[in-house]
Chemist: 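Mind looking over this structure? Questions follow.
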Amino acid sequence: MSEKLIVCACEDVTAHELDKAIAQGFTDIESIKRYTGLGTGPCQGKSCVSGAIRCLRAREALPVGELDHFRTRPPLQPTALRQLAGLPLEMLPLPMAETAQRGQREIPESVRQRLLRPVRSAVSHAPLDRKRNPLPEKTDVVIIGGGIMGLALAWHLAGNGVKVLVLERGYLCAGASGRNGGGVRAQWTTPTLIELAKESIEFMSGFAQTLGINVWFRKGGYLFLAHDEPTLKRMEESAALQKRHGLPTRIIGPGEARDIVPELDSSRFIAASWNPDDGVVFPWPFVWGYADGAQKRGAQVETFTRVTGLDVSEGRIRGVRTDVGTVKADRVVLAAGAWSPEIAKFANVSLPNVPYRHEIVSSEPLKPFLGPLVSMLGTGLYFSQSMRGEIVGGMGDPDEPPGLNQESSARFLARYARALTEIMPRVGEVKLLRQWAGCYDVTPDHSPILGETPGVAGLLQMSGFVGHGFMMAPAVGRRMAEWMGGAKDEMFERYSLSRFAEGRLEPETFIIG
Amino acid sequence: MYFSLDGERVEGRAGDTLAAALVRLGVSTITRSIKYHRPRGAFCLAGTCGQCLVRVDGVPSVMACQTALHEGLTCERQNGPLGVDTDVFRAADFVFGKGLDHHHLMVQSKLLGRVALEVARRLAGLGELPDKTRGAVPAEERTAALAIVGAGPAGLAAAQAAIDAGVKDVLLIERDPHAGGAIGQGLVKDDRELGSRTVAALGERLITNAELVGMYRDDDPKLPARLLVRRHDRLLFISAQRVLLAHGGASQPLPVPGNDRPGVYAARGLLGLAKRCDVRVQRGGEVAKVVVIGTGDELAQGAKALEGAGYPLVRAIDAAQVIELHGDPVDEVIVKSASGAQERLRCGAVAIALPLAPLHEPASNLGAHTKFLPASDAFALQADADGRTTVPWIFAAGTLVGAGGVEAAESGAKAGAAAARECTERAS
């Protein structure tokens, strides 16, 4: 038996595992990191990038000009929650609105381009030589956005014999679908969302058999904590609604909540809403599984391809322009999450979605101690323990300015560390390993935008999921594909873009993060 | 001084790090690896690799190489349920001989999938929850005109240049207990005189035992830099006009099979251990005979410095010649000679002397350009002759910009002077 060559000692990644990732088509370092786990352990990539680069070079997987390191965010060294909880919040302001809108303020356009495509212009100053597949001249459906929504739809459409092209501007998982905490729940306050979530959760438990890749769906339950009476009242109403939809949601007292999570400080909440059937998945394979499945059914998925325009004439969509060519199509689906409004502008369509940054952080890997995903409804704090043993959690900031901002902040670490150590003091000495950020795609009523676009026939909306599209994609993808095939479905009326002009809002209130 | 190792009372020496104390005791396996339960020892001995994580005083996954020994310290080795030396889960290493494809493991049926999930969950993770509940520690706040990170040859020269240029409000942050970095390890031309002069001039503005754990940007254009620095048990929160990074690079493992075996150390780690704690790896009651493996200057200098530090040298060989490492702890290096024949080199330890990978992360995360260094397969920060990176308020010097070793001091001096010119608080 041959001895292992360990490329990443923290996560025990072998050269053979790296080869498998390359064989799967993952050659950019951000994807290799996600596929193998390389660089996600306590050292945060300080000792593995060179080894990985050496493997890539030896296998000639990428031209030298495209070799890159992945982005390593703070903390640079594992840092204890109790230390971060002591940071002076008053010294940690939010970014100014202008900065948030510009996102990465000090990153020049040339670097932006580099982040978009893993190209290392500094080495050779050579033009891009990434191997690109030619785009078809014409296809049935172009889906803009290779996130979970677009890919789930592509898989279903391709299964119905539709010719599909998916365009993704970065690598798979570069957007919100690869940046979330993996929480999956049926505890919602509107019947449509409850049904979408129920179907999706059912699909996820068989995902590995259907799509051939593990998403490690673990039903640890969702435990919502209420800190005051109004929140508890809201919770009771939702629990009653969920019960009518066949969910086992129960309102429980602090004592019973502590039976489920003994480390909770029960003086910090008055009651909890508990659904043992909710759970957590590992987000990345969920995205890859759909992408792989769609391609096996004949769909074309192109990463690192940027949409530069939409062709519209006589009130109809005609095609999509990209940085590698133009594709004609009668139907174009806009599934670009928080980037959807920017793309809709190409067709002179104004979407009401607004992007908001949400930050997440992952702790050091611990032996399993935390079953459910826990969330404080008052503050938006949520946390769960991943299959790798990390405490993964986040917390929205009510004062966060809107913007396509994916930068990390110290303010978030301080707020999260305070909130988490308050509700679960036992983790004070636990260290945080890495933080990241993604954007919620927020609509005025916190419900999605689906279906036809008034004035542009054939431009179909599939956005506005306010941070929970990830957990509803299986059902939304199926229903959208059937609706596009001619089936009737009231959901595409209910959630149509025209509802905002008509003043027909569909408010959803159980938003966390 | 006494401390405990897995419940057993053992002897250590004041001034040692925990990793040094374990080396003194002849302990080579410090932990079991996370997935395959392979025996693992310390590697970099410089706080960058994460191979020496142990439970210290009831806190999980603490770096032994960054922990100062104290009387009564309790050290427990992790991830070996029945003892790290005879870990039964080692079977995983043999079952998955080449590696584990967790994405496609048992996808055939729901039932198997559920079994895999339960098994994987139980095997995941490294440490157990901390023993004690300890509350928040308030951070300390400081501002500075210029904050310099790393008091090696580049950082010291930068600090001196900034002081010479009249910047009073300089802070020099050093992770180790003493300034100097690689000075005195026999790797670079020593300039102790410069070091001690700068240390004296800085006085309290040199902050030791202080490690950069985060760098962020603020919207205030006059004071854009925010540094999170960990000092002992608390964070230091520094706001600065300009930052000069000079914290060097990380030792890299050798890309050959068996590269993670206990007894394989970074050459610079062994040199640091000898300099700081006067301790050397022992085998059979003597200082271990080492095979030094690396490339270029780093190999030549590393081998020479290790000999100077008291290690008997078996041979210094180019990394390209090495086929595999054997033994637990490592006792054999398989090499191929120019004629193509294989040779087995017996040894007591292996020292890896590959070029350092620059620690560009705090700057590149904020958008600073990097450049690929083909000779070392690593990335350095792009900077002009004055050490100015592509982020206006971040300067860099030394190894970080590809100017380590003999070039470090000059690179630091230039960057320090340039950064000083941009600081508003200067003596006229």
Side-chain angles (χ1 to χ4, degrees), chain A residues 1 3-6 9-10 12 14 16-17 20 41-43 46-47 50-51 53-54 67 69 71-77 79 82-83 85-88 95-96 99 104 106-107 111 120 122-123 206 208-209 212-214 216 218 285 364-369 387-389 410 425-426 428-429, chain B residues 33-36 48-51 59 61 97-99 101 103 107 110 113 117 120-121 124-130 133-134 136-139 141 211-214 216 219 226 228 230 234-235 237 250 252-253 255-260 324 357 361-362 365 367 369 371-372 377-379 382 391:
Chain A
M1 191 188 66
E3 168 63 318
K4 287 187 178 72
L5 193 174
I6 301 287
C10 292
D12 258 355
T14 67
H16 180 75
E17 290 165 0
K20 282 216 149 170
C43 102
K46 296 183 193 79
S47 324
S50 292
I53 294 283
R54 243 171 242 134
L67 295 170
H69 55 84
R71 181 176 183 181
T72 302
R73 300 190 186 228
L76 301 162
Q77 292 286 355
T79 304
R82 61 189 290 263
Q83 294 171 339
L87 283 173
M96 293 189 294
T99 311
Q104 297 158 332
E106 282 168 24
I107 302 187
V111 182
R120 182 139 303 281
V123 181
Q209 289 74 54
I213 188 165
N214 282 314
W216 302 106
R218 186 174 64 79
E364 60 182 298
L366 294 163
K367 294 291 175 196
F369 74 98
M387 277 296 294
R388 294 154 43 112
R426 181 79 188 275
E429 294 272 22
Chain B
S33 71
I34 193 158
K35 230 157 70 184
Y36 301 119
T48 58
C49 80
Q51 276 191 215
V59 177
S61 301
K98 288 181 162 177
D101 181 2
H103 294 308
V107 292
K110 270 195 185 184
L117 185 106
R121 174 155 163 86
L126 211 51
E128 305 273 352
L129 274 178
T133 294
R134 296 174 69 198
V137 259
E141 294 165 40
E211 178 168 37
L212 181 70
V213 296
Y216 301 86
D219 276 331
R226 296 288 180 279
L228 297 189
R230 177 174 49 214
R234 67 170 62 201
L235 291 180
F237 181 70
Q252 297 298 297
V256 303
N259 57 348
D260 64 327
E324 197 166 318
E361 291 85 359
N365 174 53
H369 292 217
K371 59 182 177 188
F372 182 53
D377 287 309
F379 298 87
Q382 267 188 50
V391 174

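Below, chain A is the first sequence line, B the second, and so on; all start at residue 1. A quick note: this is a predicted structure, and the numbers were derived from the prediction, not measured.
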Chemist: Checking heavy atoms, do the side chain of Val256(B), its backbone, both or neither come under 4.5 Å from chain A?
Modeler: backbone

Chemist: Where does Lys20(A) contact chain B at under 4.5 Å (heavy atoms): side chain, backbone, both or neither?
Modeler: side chain

Chemist: For each of Gly206(A), Pro425(A), Pro365(A), tally heavy-atom pairs with chain B at distances under 4.5 Å, and name the one with the top tally.
Modeler: Pro365(A)

Chemist: Go through the atoms of Phe237(B) and report whether side chain, backbone, both or neither lie under 4.5 Å from a heavy atom of chain A.
Modeler: side chain

Chemist: If you count heavy-atom pairs within less than 4.5 Å of chain B, which of Gly389(A), Gly51(A), Ala208(A) leads?
Modeler: Ala208(A)

Chemist: Give the member of Asp260(B), Leu228(B), Thr48(B) that has the highest number of heavy-atom pairs under 4.5 Å with chain A.
Modeler: Thr48(B)

Chemist: Please classify the contact between Gln51(B) and chain A as side chain, backbone, both or neither, with a heavy-atom cut-off of under 4.5 Å.
Modeler: side chain

Chemist: For Arg234(B), is it the side chain, the backbone, both or neither that has a heavy atom under 4.5 Å from a heavy atom of chain A?
Modeler: backbone

Chemist: Out of Gly50(B), Gly99(B), Ala120(B), return the one with the most heavy atom pairs under 4.5 angstrom to chain A.
Modeler: Gly99(B)

Chemist: With a 4.5 angstrom heavy-atom cut-off, which part of Glu364(A) approaches chain B: side chain, backbone, both or neither?
Modeler: side chain

Chemist: With a 4.0 Å cut-off on N to O distance, would you call Lys367(A) and Glu128(B) a salt bridge?
Modeler: no

Chemist: Keeping Asp12(A) on the side-chain end and Tyr36(B) on the backbone end, is there a donor-acceptor pair under 3.5 Å?
Modeler: yes

Chemist: For Gln252(B) and Ala250(B), indicate whether the former's side chain and the latter's backbone hold a donor-acceptor pair under 3.5 Å.
Modeler: yes

Chemist: May I ask you to test the Lys4(A)-Glu17(A) pair for a side-chain heavy-atom distance under 4.5 Å?
Modeler: no

Chemist: Could you look at Arg134(B) and say if it's the side chain, the backbone, both or neither that has a heavy atom under 4.5 Å from chain A?
Modeler: both

Chemist: Is there a side-chain contact between Met387(A) and Leu117(B) in this structure, where contact means two heavy atoms from C-beta onward sitting under 4.5 Å apart?
Modeler: yes

Chemist: What class does the angle between the rings of Phe379(B) and His69(A) fall in, given that below 30° is parallel, 30 to 60° is tilted and above 60° is perpendicular?
Modeler: perpendicular

Chemist: Arg388(A): which residues meet the side-chain hydrogen bond (donor to acceptor under 3.5 Å, both in side chains) condition with it, sequence neighbours left out?
Modeler: Thr40(A), Glu390(A)

Chemist: So which of Pro42(A), Ser50(A), Cys43(A) has the largest heavy-atom pair count under 4.5 angstrom toward chain B?
Modeler: Ser50(A)

Chemist: Counting N and O atoms only, with roles assigned by atom type, does the side chain of Gln83(A) sit under 3.5 Å from a partner on the main chain of Ala136(B), one being a donor and the other an acceptor?
Modeler: no

Chemist: Find the one option among Cys49(B), Ala378(B), Gly214(B) whose heavy-atom pairs under 4.5 Å with chain A are most numerous.
Modeler: Cys49(B)

